[in-house]
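Lettering of chains follows the sequences in order, A, B, ..., and the numbering in each one begins at 1. The shown structure was predicted, so the numbers you read here are calculated from the model rather than taken from an experiment.
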Number of protein chains: 2
Amino acid sequence: MTVSDRGDLVVHDQVADRLRQVGQRYTARRQEVVDLLRQAGRPLAMHELLDAAGDLPMSSVYRSLSVLERAGAVTRYPTAGGHGLYELSEALVGHHHHLICTNCGRMEDLDVPPLQEGDLERVVEAIAADRRFHPTAHRLELVGVCADCA
Amino acid sequence: MTVSDRGDLVVHDQVADRLRQVGQRYTARRQEVVDLLRQAGRPLAMHELLDAAGDLPMSSVYRSLSVLERAGAVTRYPTAGGHGLYELSEALVGHHHHLICTNCGRMEDLDVPPLQEGDLERVVEAIAADRRFHPTAHRLELVGVCADCA
DNA sequence: CTTCCTGCAAAAGTTTTGCATTAAC
DNA sequence: GTTAATGCAAAACTTTTGCAGGAAG
């Protein structure tokens, strides 16, 4: 068993738990969708998912994502093109931020070291402090040219 | 002449400039779309724009937004629903961030005071420093429950 | 065996486009 | 006058849904 296999198991277990909590089954189709997202390791657009899905019917992908999103296993993100990007939720893969390349349009995951994440959280707290807004989460996106495109 | 009127003039002038630079005219239709965004003061979804557009034909709204976006006068943002939110670009209305309400789904503008924006920029610099990524912009979104929904 | 999930195909909804007309320069 | 923008309606594309058959508990 490889490290990756173990990671898969943990993720699948967690997804199964979350689905169970909302009265849903973790079926083969839904596992396939989770695997697609897991293998990508970055947020995927619907058309990328559909392409990668191979013989998976379109409606299964849509319905699986919808259920997984409702169960909190998948999160939907922005894209300049206007359609969502799907990713396994932070609860499964950990808190992280994103890099968006202005050239190729890709969105990559950005793991911020604890020290810097701490700094960021303090700034977020300070910003929220004197507003009538109580943040439960924050998202930071760095926009620029990625290593591949530079 | 009110303060708001003066602001409108400045915005319209800047939009006109930007359009001219890409060889486009600032027509009545395009001005109407800019006014809709300006009056909203927050990012609008396409369907909100179409609703607010009244007698403006759908295809004009789409085409105007497309041109304005290409000219850098309008920016498109994420939404949980997957479709974009449109807003006048930061070049026109100044650098700001966003609050996203988990209850009503609204995205509000968030003006960060210079001191805190400075802190934020330092954190962003630190995060980007040891990566092969050169950020040209950053976006911060605070997710939580807004004042109206609390 | 009972409930939920899946796949298909059709429907609904959204965005884009061709082309004749109108407006801008 | 010449070029570009607009409005309409059709086309293309995306997403959702109804329903019969199949799988899961």
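Map Asp55(A) and Val67(A) each onto its nearest nucleotide of DNA chain C; the residue landing nearer the 5' end is Val67(A).
The residues Arg42(B) and Glu48(B) are annotated as salt-bridged, a charged nitrogen and a carboxylate oxygen being separated by less than 4.0 angstrom. Salt bridge annotation for Arg29(B)-Glu32(B): present, with a cationic side-chain nitrogen under 4.0 angstrom from a carboxylate oxygen. A salt bridge links Arg122(B) to Asp119(B): at least one charged side-chain nitrogen sits closer than 4.0 Å to a carboxylate oxygen.
Gln31(A) has its CD atom 15 Å from the C1' atom of dT6(C), to the nearest Å. Rounded to whole Å, the distance from CZ on Arg29(A) to P on dC4(C) is 20 Å. What separates CG of Leu49(A) from C1' of dT14(D) is a distance of 14 Å, to the nearest Å. Per the geometry, CG belonging to Leu50(B) stands 14 Å off P belonging to dG13(C), to the nearest Å. Between Arg30(A) atom CZ and dG7(C) atom P the separation is 11 Å, expressed in whole Å. When rounded to the nearest whole Å, the span between CG of Leu19(B) and P of dA4(D) equals 15 Å. The CG atom of Leu56(A) sits 16 Å away from the P atom of dT15(D) (whole-angstrom rounding). Atoms NE2 (His47(A)) and C1' (dT15(D)) sit 15 Å apart, rounded to a whole Å.
Shortest non-hydrogen contact noted between Gly72(B) and Arg18(B) is O-NH1, 3.5 Å. The minimum heavy-atom distance linking Asp109(A) with Gly41(A) is given by the pair OD2-O, 3.3 Å.
Every residue meeting the side-chain hydrogen bond (donor to acceptor under 3.5 Å, both in side chains) condition with His95(B), not counting sequence neighbours, appears here in chain and number order: Glu90(B), His97(B), Glu117(B), His138(B). Residues passing the side-chain contact (heavy atoms from CB on, under 4.5 Å) test with Ala147(B) are Arg132(A), sequence neighbours excluded.
The side-chain hydrogen bond (donor to acceptor under 3.5 Å, both in side chains) contacts involving residues 50-68 of chain A comprise Ser66(A)-Arg70(A), where partners must be two or more places apart or lie in separate chains. Contacts classified as side-chain hydrogen bond (donor to acceptor under 3.5 Å, both in side chains) and involving residues 19-28 of chain A (residues at least two apart or in different chains) are given here: His12(A)-Tyr26(A), Asp17(A)-Arg20(A), Gln24(A)-Arg30(A).
Between Ser60(B) and dG7(D) there is a side-chain N or O to OP1 or OP2 distance below 4.0 Å. Between Gln24(B) and dA5(D) there is a side-chain polar atom (N or O) within less than 4.0 angstrom of OP1 or OP2.
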Pull out every protein N or O sitting under 3.5 Å from an N or O of nucleotides 16-25 of chain D, one pair per line with the distance.
from    : atom 1 : to       : atom 2 : distance (Å)
dG18(D) : O6     : Arg63(A) : NH2    : 3.1

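Overall, the helix from dC1(C)-dG25(D) to dC25(C)-dG1(D) carries an axis bend of 40° between its ends, with five pairs at each end and the value rounded to 10°.
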